[in-house]
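Residue numbers count from 1 along this sequence.
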Amino acid sequence: MDKSMMGDIDAMPEEDKMRMSTMIEQLQVRDSLRMYNSLVERCFVDCVDTFRRKSLDKQEESCIRRCAEKFLKHSMRVGMRFAELNQGTATPDT
């Protein structure tokens with residue numbers, strides 16, 4: 001976010017700042033839940049083959065662990081790359 005935009009936010013009435021903060025928090029929760037649901041669905045579809053037992057067998061469990069680790073590492077890397085790109089496009093106000 002550039003400084004002019006931050007100045008606009010600082011100039012907002014306190015009530016609007018609170019509303020905006022609440023909206024941002026709701027969006028973050030929604031995005032977190034989407035990511036979690038996507039992870040669960042993807043790993044379940046890729047790793048669970050049968051419903052013979054109510055618990056996972058060792059192969060399914062290790063597959064799900066690898067899938068979740070890979071998904072989370074990928075998500076972290078995308079987030080880091082996005083932050084890098086966002087910093088690169090920010091224009092200094094000097």
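Judged as a salt bridge (Lys or Arg N to Asp or Glu O under 4.0 Å), the pairs with a partner in residues 54-67 (not counting sequence neighbours) are, in order, R52-D57, E61-R65. Applying the salt bridge (Lys or Arg N to Asp or Glu O under 4.0 Å) test to pairs two or more places apart or on separate chains, none has a residue in residues 22-43. For residues 11-53, every residue pair satisfying the disulfide (SG to SG under 2.5 Å) rule, not counting sequence neighbours, is listed here: C43-C67, C47-C63. Annotation: salt bridge (Lys or Arg N to Asp or Glu O under 4.0 Å) contacts involving residues 14-23, sequence neighbours excluded, comprise E14-K17, E15-R19, D16-R19. Residue pairs meeting the salt bridge (Lys or Arg N to Asp or Glu O under 4.0 Å) criterion with at least one member in residues 70-80, sequence neighbours excluded: R77-E84.
Taking a 4.5 Å side-chain heavy-atom cut-off between Ile, Leu, Val, Met, Phe, Trp and Tyr, the cluster of V48 extends to F44, F51, L56, I64. Here V29 sits in one hydrophobic cluster together with L33; the rule is ILVMFWY side chains under 4.5 Å apart, joined directly or through other members. Other residues sharing the hydrophobic cluster of M23, ordered by chain and number and joined by side-chain separations under 4.5 Å: none, the residue standing alone. Side-chain contacts under 4.5 Å among hydrophobic residues (ILVMFWY), followed directly or transitively, place M80 with no other residue at all.
Residues meeting the side chain to side chain donor-acceptor pair (under 3.5 Å) test with D46, sequence neighbours left out: none. With sequence neighbours excluded, the residues that form a side chain to side chain contact (heavy atoms under 4.5 Å, CB included) with M35 are F71, L72, S75.
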